[in-house]
Amino acid sequence: MSKINNYFIDHSIFSSYITGPMANTKSAIKRIRRISRQTAVNKIRKSKFKNAIKKMNLLLNSKKKKKALAYLPKLNSELMKVAKTGIIKKQNASRNISRITRKISAL
């Protein structure tokens, strides 16, 4: 028996399960498992995106233009990957890249 977000699921006998008030069918329980996995993956992707922006801001604040220019393609790639999967909107990623590029050219 495993616990996933307050839902107890007996994997050996799937028809006998104890759930919270929401999941009443097998498909709903499977959906809960799937959503919890997707949430974990999305959190990882979002933290990678946030860490990439923090690293770039650190480079900009320390006025390291060459390192910032070298890191820009990696940051762009990371932002577009996150935008492609729908964690952030594409416009949000483009706006971040635009602002960062302007800051680099201003150094």
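The shown structure was predicted, so the numbers you read here are calculated from the model rather than taken from an experiment.
- No more than 12 heavy atoms of other residues, nucleotides or ligands shown are found within 6.0 angstrom of CD on Gln91.
- Judged purely by atom type and a 3.5 angstrom limit, Ser62 uses its side chain to pair as donor or acceptor with the backbone of Leu58.
- Among residues two or more places apart in sequence or in another chain, the side-chain contact (heavy atoms from CB on, under 4.5 Å) test is passed with Thr39 by Ile35, Lys43.
- Between the OG atom of Ser98 and the NZ atom of Lys103 there is a distance of 11.0 Å, given to the nearest 0.5 Å.
- Atom CD in Glu78 sits 13.5 Å away from atom NZ in Lys50 (nearest 0.5 Å).
- How far NZ of Lys55 is from NZ of Lys67: 9.0 Å, rounded to the nearest 0.5 Å.
- A heavy-atom distance below 4.5 Å is not found between the side chains of Lys81 and Arg45.
- Met80 is not listed as a side-chain neighbour of Lys84, based on a closest heavy-atom distance of 4.5 Å or more.
- Through side-chain heavy atoms spaced under 4.5 Å, either directly or across other Ile, Leu, Val, Met, Phe, Trp or Tyr residues, Phe49 is tied to Ile53, Met56, Leu59, Leu60, Leu69, Tyr71, Leu72, Leu75, Leu79, Val82, Ile87, Ile88, Ile97, Ile100, Ile104, Leu107.
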**Arg34 vs Lys30, side chain to side chain contact (heavy atoms under 4.5 Å, CB included): CA-CA, chis, key distance, verdict** = CA-CA 6 Å; Arg34 181 175 164 197; Lys30 290 176 186 176; over 6 Å; no

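- Residues passing the side chain to side chain donor-acceptor pair (under 3.5 Å) test with Asn96 are Asn92, sequence neighbours excluded.
- Separation of atoms NZ (Lys74) and OG (Ser77) is listed at 7.0 Å; rounding is to 0.5 Å.
- The two residues Lys65 and Ser105 come nearest to each other via the heavy atoms NZ-O, 4.2 Å.
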